[in-house]
Every structure is written in structure tokens, then in C-alpha cells.
> 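Mind looking over this structure? Questions follow.
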Amino acid sequence: MTSGRENLLPILDAPGSPGTRPLFGLNNQELSVILQHFEAPAYRVRQLSQALYHNWTDSLDAVTTLPKNLRDQLIAAGYHIGLPSIVETYTSVDGTERYLISTNDGQTVETVWMPEGDDGEWGDGSDAGYHDSTICVSSQIGCAVNCQFCLTAKLGIIRNLTAGEIAGQVVAVLKRHNVRIGRDRINLVFMGMGEPFLNYDAFMDAVRLLVHEIGIAESRMTVSTSGIMPGILRFASEPVRPKLAISLNAPNDTVRTAIMPINRKWDIQHLVAAVRQVPLRPKEKLTFEYVLLGGVNDQLAHADEVGRLLRRVGRPLKVNLIVWNPGPLMSWEMPPPHQVMEFQARLKHNGIPAFVRRPRGRDIYAACGQLKQTGQVRTNPLLPAFPFLPEAP
Ligand code: SAH
Ligand code: SF4
């Protein structure tokens, strides 16, 4: 599958239909190729880039720093800003918002806003004090990985998102909440629909735009992968990159293969070998995510196995426990709260820092693994009105 980015670069000699060539998502080098075609001086690149990534301008007409004739030429050639827009919003009892965001080809992608005042984790308090808003960003429409517990998997893979569509989700949400970069602190998690490392180039292009042009620090970003080994190895040599989270989800290969078929291709040993290649920055920790499925991977013996496995990684790390979020046509079970607490305590007893992720927006299908373009579904009938776990202290 292609990244889609090659379609963004214009065939400059051919005229484009109106609004078919999005500028949002292009880097300075690509903008410069376009502007040179129209014989604009080099400083126009910075002006256009400012309009796109700093002012978050919606339409080329509004980019008044560019001369009108240049704007008209761009529009006539089919260019437009192409910033994705929010078409539907679902609001959870806990303040979380889930959006359907429309892309230029009429598809929708899902993005989630988790407002400040919640660290999303509770455990031994070592991550406490983290009270910033978080945006959960999608990297693909659907997903090919087919994890058995995940609602997004039911869609299959529809297509990769472009860098502009990935970074554009962030900007659409920042605009909605009047977030100002530099004044407000914001975290990004690439944990929405799709597998970022199966859309590696567009994902990393989006990260570079978000860091260099939009101004969000890479240290405030986390990407989660189901364990795509070639992607992890490429990621290991990136000079600018988010923090890394690995969806482990099982204590051994037998259980992991049963719930994550990708484990047949890259098993736990491969995964551990790959993550050991990632050079960590000072104070950085690897995160291992672990979705607790009642009766499947939530026993204390499993926690002991996870402890042994993770000690072998030999790097600073922590575990995020995620209670399975239910969805239609899935027959897994949520473990009872005492099981979750005991599992967490056992991991800690084994020397592994462990946190329980407080579920956010489960009533509106906004929580981990629930993103499936459930436009028609306003509330989740499978859940009680209140969150399953107690509020974070
Ligand atoms: N594709 C990437 C990132 C998106 S999924 C990945 O799999 O890592 C983000 C996290 O949600 C993963 O850790 C995944 O294991 C978890 N997840 C998927 N479905 C879930 C569900 N129904 N309940 C709880 N967590 C789920
Ligand atoms: Fe894809 Fe992640 Fe869902 Fe697995 S858990 S199917 S990798 S989105």
C-alpha cells in the first residue's frame, strides 16, 4: 500500500480540478517546488507555511500575506488548504469528545480529545501531576492487523491516511478548543484507528510537521504499535521521534498469537530484540500496553510471566494496564476490578512499574480499541452509565 503522499505532490504541468490538491501536509521543500512553479520568490514559502501551520488558515483566499494573483493562480491550478474538518462530535459523561473528521475523498476518520484534569493513569503516582489535554490521533482508516479484541479491526484496512490528514486531525481539534501552542500544554497519542508503523512514512512526515512547523514537542507524543518489527527498527534510528509504546497484551506467544495474529509474523522474542535497539533519551521509558481480557491473560501467573519477560528487556519501562473496552459482536469479558488491582499489584511486586489506564469515553465508543466510525451509535448499550473503575484519586 502506498502512503498516499505521492498523490499530494502536484503534476505541475497538468491543470487540477478545483480543490483537489491539498497544501496542508506538505513540508517546506514541497511548498517551495509549487511556489517556484509560479515564479514566487523564496520568502513566500515561509508565508504560506505560516498560514498553514501557525495560523491554521482555512482557505487560500484568507492567506492575505500572499499577493492575490498568486493565490488565484494556486486556486486555478486546483490547490486548496485541505485542512480536515470535524463533521460530528460525540461527548462523553467524562468530558471526552470523539470526532468524525472528514477527509477530502469523503471518508471519515476518528479522533479523540481527552480534556485536562485527568492523567489517564493511576497507579503508584509516579506519573502524577500530568494534567494536560490529550489528543488521540488515527493513522489509517481501519486496520489490517486484526487483533481479536479490537473494534477497529472489524473494518479491515480501508486506506492509509496522508501526513496532512494525520497532522490535520490535531489542528482541527486544537482549533475547536482554542488551544494555543506555547501557552497550553498538549499531549498527542498516536493510538487511534490503525497501525502507525504500517503507514510509516506518512506517520513520520506528520510527526515532523507537528514538531518542526506546528511546534509540539516530540517528548509530548507517544506512538503505539502492535509490534511491526521493521517499523520499530526504522523508528530506532529517527533523530526526531515520539515515545514508544508496544501493545504486548499477553504473557507468552501462545496467548499473544491467539489474540493478535500478527504475533505469528513477529513473536515476542523479535519484539523484545527490536525495542532494545531504540535508544532512549534521558528519563525516557518504554511503555508496554496490556489489555486485560477476563480469564484470558489476567491471572496472577500471567503477571509473573510478564514480569519475567519484561525484566529481560533490560531497559527503563512501565506497563499500562487497559481494561478491555467492550463493543458489539465481541465476546471477551472485562475482568472484575479486584482482578485488575491484584494484577497490577503483582506486576509491581515483580519490580515492574504498572498503571491502570482509566477508561475515557467508553460510553461514546471513544476508548482504546473502540474507534470504528460508529457514526450511528451515540451511546454504548453494553456499558453502565458510569465508568467501571473508580475515579483517579
Ligand atoms: N494499532 C496500534 C495503536 C492503536 S490501538 C496498537 O495496536 O498498538 C491502541 C491500544 O488500544 C493498543 O494498545 C491496543 O492493544 C488497545 N486496544 C485495542 N482494542 C481494545 C479494546 N477493545 N479495549 C481496550 N484496549 C484496546
Ligand atoms: Fe489495529 Fe491496534 Fe486495533 Fe490491533 S489494536 S487491530 S493494531 S488498531
Side-chain angles (χ1 to χ4, degrees), residues 109-112 114 120-121 134-158 160-161 166 169 188-200 203 221-229 231-232 235 242-250 255-266 271 275 286-294 296-298 318-335 340 355-362 365-374 380 382-383 387-389:
V109 62
E110 302 213 350
T111 311
V112 178
M114 289 164 273
E121 292 174 357
T134 299
I135 303 174
C136 178
V137 185
S138 293
S139 55
Q140 298 181 304
I141 306 185
C143 186
V145 179
N146 200 21
C147 303
Q148 300 295 295
F149 46 81
C150 172
L151 204 52
T152 306
K154 308 274 178 217
L155 286 173
I157 178 72
I158 297 170
N160 278 332
L161 293 173
I166 297 172
Q169 293 168 61
L188 302 183
V189 293
F190 297 95
M191 299 186 184
M193 298 170 90
E195 170 47 63
F197 285 2
L198 289 180
N199 184 17
Y200 190 89
F203 160 66
M221 303 179 185
T222 304
V223 60
S224 171
T225 178
S226 57
I228 308 299
M229 191 171 160
I232 300 172
F235 191 73
K243 293 183 281 186
L244 181 63
I246 304 283
S247 297
L248 177 64
N249 295 342
V255 176
R256 196 164 193 270
T257 302
I259 60 176
M260 299 178 71
I262 191 84
N263 196 64
R264 280 199 199 95
K265 194 157 186 183
W266 296 295
L271 216 55
V275 296
L286 293 165
T287 300
F288 286 82
E289 292 152 295
Y290 195 98
V291 178
L292 286 163
L293 300 164
V296 174
N297 63 1
D298 65 340
K318 64 173 180 172
V319 170
N320 270 349
L321 297 170
I322 313 171
V323 176
W324 178 68
N325 292 309
L329 304 177
M330 284 195 291
S331 53
W332 308 99
E333 284 183 9
M334 291 188 283
V340 177
F355 303 84
V356 181
R357 281 202 77 83
R358 200 168 82 83
R360 302 289 305 262
R362 284 207 301 201
Y365 284 105
C368 296
Q370 292 189 305
L371 303 186
K372 198 204 166 200
Q373 293 170 310
T374 41
N380 184 346
L382 300 175
L383 281 168
F388 160 71
L389 285 167

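When a ligand or atom number is given, it counts from 1 through the structure's own listing order.
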> Go through ligand 1 atom by atom and flag the ones less than 4.0 Å from a non-hydrogen atom of Trp324.
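Those atoms are 21 (C), 22 (N), 23 (N), 24 (C).
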> Will you find, in the side chains of Glu195 and Thr225, an N or O donor that is under 3.5 Å from an N or O acceptor?
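Side chains of Glu195 and Thr225: pair found under 3.5 Å.
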> Could you tell me the separation between the CG atom of Asn146 and the OG1 atom of Thr152, rounded to the nearest 0.5 Å?
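It is 11.5 Å, given to the nearest 0.5 Å.
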> Using heavy-atom distances, let me know which of Cys143, Gly194, Gly142 sits nearest atom 1 (Fe) of ligand 2.
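Nearest option to atom 1 (Fe) of ligand 2, by heavy atoms: Cys143.
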> Against heavy atoms of Gly192, which atoms of ligand 1 measure under 4.0 Å?
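So the answer, numbered in order with elements, is 4 (C).
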> Does Cys150 bring an N, O or S atom to within less than 2.8 Å of atom 4 (Fe) of ligand 2?
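False for Cys150.
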> Just checking Gln148: does its CD atom have more than 12 heavy atoms from other residues, nucleotides or ligands closer to it than 6.0 angstrom?
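Count over threshold, so yes.
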> State the NZ-OG1 distance between Lys243 and Thr222, to the nearest 0.5 angstrom.
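Lys243 atom NZ to Thr222 atom OG1 measures 4.5 Å (nearest 0.5 Å).
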> Using a strict 4.0 Å cut-off to heavy atoms of Glu195, name the atoms of ligand 1 that fall inside it.
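Heavy-atom distances to Glu195 below 4.0 Å select 1 (N), 2 (C).
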> Please identify which atoms of ligand 1 are closer than 4.0 Å to at least one heavy atom of Ser247.
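Close to Ser247: 6 (C), 7 (O), 8 (O), 12 (C), 13 (O), 14 (C), 15 (O).
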> Under 4.0 Å, heavy atoms only, figure out whether ligand 1 is touched by the backbone of Asn249, its side chain, both or neither.
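Under 4.0 Å from ligand 1, Asn249 contributes side-chain atoms alone.
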> List for me each residue that meets ring pair (Phe, Tyr, Trp, His ring centres under 6.0 Å) alongside Phe288, sequence neighbours excluded, and say none if there are none.
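With sequence neighbours excluded, Phe288 shows a ring pair (Phe, Tyr, Trp, His ring centres under 6.0 Å) to no residue whatsoever.
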> Ignoring hydrogens and angles, tell me if any N or O in the side chain of Gln169 forms a donor-acceptor pair with the backbone of Ser138 under 3.5 Å.
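Checking the backbone N and O of Ser138 against the side chain of Gln169, a donor-acceptor pair under 3.5 Å is found.
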> What are the atoms of ligand 1, with element, lying closer than 4.0 Å to any heavy atom of Ile322?
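Matching atoms, with element in brackets: 24 (C), 25 (N).
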> Report the residues that fulfil side-chain contact (heavy atoms from CB on, under 4.5 Å) with Asn249, sequence neighbours left out, ordered by chain and then residue number.
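Testing Asn249 for side-chain contact (heavy atoms from CB on, under 4.5 Å), a comparison that skips the adjacent residues, returns Phe149, Ser247, Ile259, Met260, Val291.
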> Can you list the ligand 1 atoms lying under 4.0 Å from a non-hydrogen atom of Thr225?
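Those atoms are 6 (C), 8 (O).
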> Looking at non-hydrogen atoms alone, which of Pro326, Ser226, Ser224 comes nearest to atom 3 (C) of ligand 1?
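Ranked by closest heavy atom to atom 3 (C) of ligand 1, first place is Ser224.
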> Tell me whether the rings of Phe197 and Phe203 are parallel (<30°), tilted (30 to 60°) or perpendicular (>60°).
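Aromatic pair Phe197/Phe203 classed tilted.
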> Where is the tightest heavy-atom contact between Leu248 and Arg256, given as atom of each residue plus distance?
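Distance-wise, the nearest heavy atoms are O-NE, 2.8 Å.
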> Taking only heavy atoms of Asn325 into account, list the atoms of ligand 1 that are under 4.0 Å away from them.
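Once the distances to Asn325 are compared, the set is 21 (C), 22 (N), 23 (N), 24 (C).
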> Using a 4.0 Å cutoff against the non-hydrogen atoms of Ser226, which atoms of ligand 2 qualify?
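Taking each heavy atom of Ser226 in turn, ligand 2 has 7 (S) under 4.0 Å.
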> Give the numbers and elements of all ligand 1 atoms closer than 4.0 Å to a heavy atom of Gly194.
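Selected atoms, number and element: 1 (N), 2 (C), 3 (C), 4 (C).
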> Which atoms of ligand 2 sit under 4.0 Å from any heavy atom of Asn146?
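Once the distances to Asn146 are compared, the set is 6 (S).
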> Using a 4.5 Å cut-off on heavy atoms from C-beta on, say whether the side chain of Thr111 contacts that of Ile135.
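Contact flag for Ile135/Thr111 side chains = yes.
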> Hey, which atoms in ligand 2 end up nearer than 4.0 Å to a heavy atom of Ala153?
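Atoms satisfying the 4.0 Å criterion: 6 (S).
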> Just go through Val145, Val137, Val291 and tell me whose heavy atom is the nearest to atom 16 (C) of ligand 1.
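Of the listed residues, Val291 has the closest heavy atom.
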